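Following: one structure in structure tokens, then a few remarks.
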Amino acid sequence: MPHRKLPPPGLATARDACALLWLLPFLFCLGCSGNIGPAGHTPNGGDAGCVEPPPADGSDAGVPADVLIPSRLLRRSALALRGEPPTDEEYAALEAAGSEAAQRAYVSAFVDRTIQEPTFYRTLFETARDWFNIPPVGPTADPPEYGLQQQRSIVRCPEGTPKAGAWKYFRDDKDACQGLKPDGTPAEERSLEAWWAPGATTRLVGFAASVSPTGQSYDASGFPVTVNCATAGPVANCGCGPAAARCHADTGSYPGWEDYGLHSPQGQRRLVAEEPARLFAHLGWHDRPMTDLILGNYSVGPTRLQAAYVMQGLAGELTYLLEDDSWWRPSRFASAPVDPDHRQGDPTAWREYSVPARNPFFLEERDYRYDPRTQSTAMKGIPAAGMLTSLGFLSAYPRERVRGARALEMLACEELSPPQGQEFNEYKRDPGTEGTCQHCHRRLDPAAIHFKRFAKVGHGFEGHGATYPMPGVGKVWHWPARWRTGEYPYHSDPFSHWNRWYMPDTLLTPVTQAQADANPEAVFIDFLPAEHTLLGQTSDGTVGPLGFAKLIVASGSFDRCVVRHLHAQVMGRDIDPAKEAGYLEDQVARFISGGRKVRPYVKSLTQSDLFQRGR
């Protein structure tokens with residue numbers, strides 16, 4: 001192979017010098033990307049990132065480099081705030097403004113106007129929907145069996161029958177439309193104002209119309225048993241109750257599909273999946289602090305969504321909720337704040353509501369503490385915590401560790417990645433302290449411990465059948481101590497999961513074996529003991545998801561995560577927390593100084609030097 005001829009030493013030196021000169025602008029650009037050095041500020045107070053100094057001489061003296069012309073700045077603002085370019089009319093208005101200064105003032109006014117328009121609400125909703133990426137509640141058997149509703153399907157009697165137009169149970173009452181009971185005697189009939197049709201008269205017929213305090217059901221062995229209809233719900237021949245609250249009217253081609261199909265904007269399965277993102281958009285639209293997303297005791301939802309929360313309260317035998325019409329009568333929620341696409345008082349609007357008012361097992365209290373290691377009375381509930389106690393979040397992720405992992409990823413921007421090239425002690429029983437899995441579980445389990453008290457039993461069938469126990473809460477969700485043995489009827493989920501993973505003396509279940517033997521429900525401990533930390537923070541003892549929320553807010557992780565996602569929406573890129581730590585902290589400080597509200601922060605981003613330079 002012939003030898004390569006080397007250039008003369010002088011030429012090599014010259015080439016190296018030229019290469020260095022060529023690299024200088026690139027290195028300078030890196031220095032001004034916000035990666036190093038303090039962030040600068042424009043005269044209007046907007047963030048400037050790391051600003052290139054303007055030319056000192058020539059025709060461009062004093063003019064910042066790479067400033068977008070007004071038309072490009074208008075386009076970038078429109079795409080960031082509403083996801084579509086300016087219209088021809090808006091471009092024409094920009095041109096008509098006259099001088100460049102006037103055109104830039106037009107763009108600033110355009111931003112102010114756009115963040116007050118409904119299109120900005122929809123941008124926030126779509127941003128949060130992609131960010132949270134919460135899946136619809138999965139089917140528990142064949143579609144449309146997804147559970148959650150805990151209401152019995154009723155359908156209209158067809159034309160040509162004696163009771164045409166009346167509502168009856170879809171199953172197990174085949175003669176109701178003929179006006180008969182199974183024994184041939186006249187069927188019951190009742191007219192009322194139903195929750196799904198306020199202001200109108202609804203007729204129920206057959207078992208659905210029953211007002212009997214007791215009903216006839218069957219146990220697992222097929223023997224008849226008498227049940228209390230007020231607490232058992234619409235089982236067997238018990239009725240739908242006041243305002244037909246225990247039932248849901250189904251007008252679809254087959255019961256269950258109307259609420260199961262995601263194509264239906266008012267389908268309950270779609271509504272519960274959208275609730276967290278809608279709450280994010282609601283907070284931005286109504287200028288609420290973004291911490292209410294996980295610290296608040298309220299949420300948003302149409303009547304059909306709120307029904308699911310009421311049913312969960314009824315499942316815990318809070319029967320007084322049957323007499324409460326505040327969730328379905330429009331006059332009772334006429335003043336509730338709503339999304340910009342609906343009017344106040346509209347049952348289909350995404351309106352604000354108190355979660356504890358719908359399901360009192362999600363508590364109003366902000367500092368509720370309960371230690372099952374020392375307290376033997378039943379737990380009152382878990383504090384409401386915005387999207388973290390939304391039924392869509394809790395039901396879409398059926399295990400506490402999955403909930404904890406997703407909450408860390410979504411709301412603290414944590415990355416749970418597998419280890420590489422590390423050695424660990426032998427795994428025996430606790431993934432939080434043993435084996436390779438502890439790499440993630442040391443961070444994951446202190447979060448997951450807050451998400452134990454919501455589970456699922458059984459499967460849904462046309463809206464009814466599945467139940468959602470909140471173990472250790474209230475007076476219903478308790479079981480004999482033998483549930484820890486895993487014997488029938490405690491051999492399947494969720495008991496099998498609890499028995500396998502809620503092991504004493506583990507990071508997820510920090511109770512002793514003696515405490516678990518004395519009180520099996522001690523394994524449901526759902527706050528972080530003082531000897532453990534999450535993201536460097538020590539818990540104040542608040543139980544449930546709210547305890548988790550307090551920790552990620554106190555650590556600063558929540559604020560940084562929200563800022564990164566809003567920055568990505570407006571600026572078109574994320575902030576690298578490792579390389580741009582100073583820039584990120586500056587942005588977080590600006591976000592907090594604006595009350596953690598979306599509009600002031602988004603406005604400041606559009607005024608920043610980086611935004612106006614297209615960076």
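Not measured: the values here are computed from a predicted model. Both backbone and side-chain heavy atoms feed into the values below; hydrogens, waters and symmetry mates do not.
At a cut-off of 3.5 Å, with distance as the only test, a side-chain donor of Tyr397 or Arg406 sits close to an acceptor on the other residue. Side-chain polar atoms of Gln312 and Asn359 form no donor-acceptor pair below 3.5 angstrom. Inspection of the Gln150 and Tyr468 side chains reveals no N or O donor paired with an N or O acceptor under 3.5 Å. Looking only at atom types and distance, the side chain of His565 has no donor-acceptor partner in the side chain of Thr127 under 3.5 Å away. One side chain, Tyr298 or Asp292, offers a donor N or O that lies under 3.5 Å from an acceptor on the other. For the residue pair Arg156 and Thr251, no side-chain donor N or O sits within less than 3.5 Å of a side-chain acceptor on the partner. Between the side chains of Gln266 and Thr348, no donor-acceptor pair of N or O atoms lies under 3.5 Å.
The residue from Gln306, Arg278, Glu275, Arg351 that alone fulfils the side-chain hydrogen bond (donor to acceptor under 3.5 Å, both in side chains) condition with Ser299 is Glu275. Only one option out of Glu352, Arg596, Lys597 pairs with Arg288 in a side chain to side chain contact (heavy atoms under 4.5 Å, CB included); it is Glu352.
Looking at Thr389, its side chain does come within 3.5 Å of a backbone N or O of Ala385 through a donor-acceptor pair.
With sequence neighbours left out, the side chain to side chain contact (heavy atoms under 4.5 Å, CB included) criterion links Ser253 to no other residue. Take Arg122 and apply the side chain to side chain donor-acceptor pair (under 3.5 Å) test, not counting sequence neighbours, and it matches Asp341. Ala230 pairs by the side chain to side chain contact (heavy atoms under 4.5 Å, CB included) definition with Asn228, Thr319, not counting sequence neighbours. Partners of Phe170 by ring pair (Phe, Tyr, Trp, His ring centres under 6.0 Å), not counting sequence neighbours, listed by chain and number: Tyr254. Remark: Glu145 pairs with no residue by the salt bridge (Lys or Arg N to Asp or Glu O under 4.0 Å) rule, at least two apart or across chains.
Between Phe393 and Phe132, a ring centre-to-centre spacing not shorter than 6.0 Å is recorded. Between Trp195 and Trp327, the gap from one ring centroid to the other is short of 6.0 Å. The six-membered or imidazole ring of Phe361 lies near that of Trp477, with a centre-to-centre distance under 6.0 Å.
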Practice prompt. Could you please spell out the steps behind the side chain to side chain contact (heavy atoms under 4.5 Å, CB included) verdict for Phe207 and Cys238?
Written response: CA-CA 6 Å; Phe207 294 150; Cys238 289; over 6 Å; no
Item to complete: Let me see the working for Leu388 and His450 under side chain to side chain contact (heavy atoms under 4.5 Å, CB included), right down to the final yes or no.
Response: CA-CA 10 Å; Leu388 293 175; His450 298 89; over 6 Å; no
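Counting heavy atoms from C-beta on, the side chains of Val562 and Leu411 never come closer than 4.5 Å. The closest side-chain heavy-atom distance from Ile154 to Asp250 is not below 4.5 Å. Taking the side chain as every heavy atom from C-beta outward, Lys475 and Glu317 approach each other to under 4.5 Å. Side-chain contact between Asn237 and Ser210 is absent, with no heavy-atom pair separated by less than 4.5 Å. At least one side-chain heavy atom of Lys550 sits less than 4.5 Å from a side-chain heavy atom of Leu295. In this structure the side chain of Lys181 never reaches within 4.5 angstrom of the side chain of Asp175, judged on heavy atoms. When side chains are defined from C-beta on, Ile294 counts as touching Ile552, because their heavy atoms get closer than 4.5 Å. Counting heavy atoms from C-beta outward, Tyr370 and Lys380 have side chains that stay 4.5 Å or more apart.
Once rounded to the nearest 0.5 Å, the distance linking CD of Gln116 with CZ of Arg599 reads 4.0 Å. A distance of 9.5 Å separates OH in Tyr320 from CG in Leu314, rounded to the nearest 0.5 Å. With rounding to the nearest 0.5 Å, the separation of OH in Tyr601 from NE2 in His567 is 5.5 Å. Once rounded to the nearest 0.5 Å, the distance linking OH of Tyr91 with CZ of Arg75 reads 5.5 Å. Rounded to the nearest 0.5 Å, atoms CG (Leu94) and CG (Leu73) are 9.0 Å apart. Rounding to the nearest 0.5 Å places CD1 of Ile134 at 5.5 Å from OG of Ser390.
Note on Arg453 versus Asp526: salt bridge recorded, some NZ/NE/NH1/NH2 to OD/OE distance being below 4.0 Å. Salt bridge Glu90/Arg82: present, at least one basic N to carboxylate O contact under 4.0 Å.
Judged by the 6.0 Å distance and 45° axis criteria, Arg76 is positioned over the aromatic ring of Phe611.
Residue pairs meeting the salt bridge (charged side-chain N to carboxylate O under 4.0 Å, His left out) criterion with at least one member in residues 228-243, sequence neighbours excluded, do not occur.
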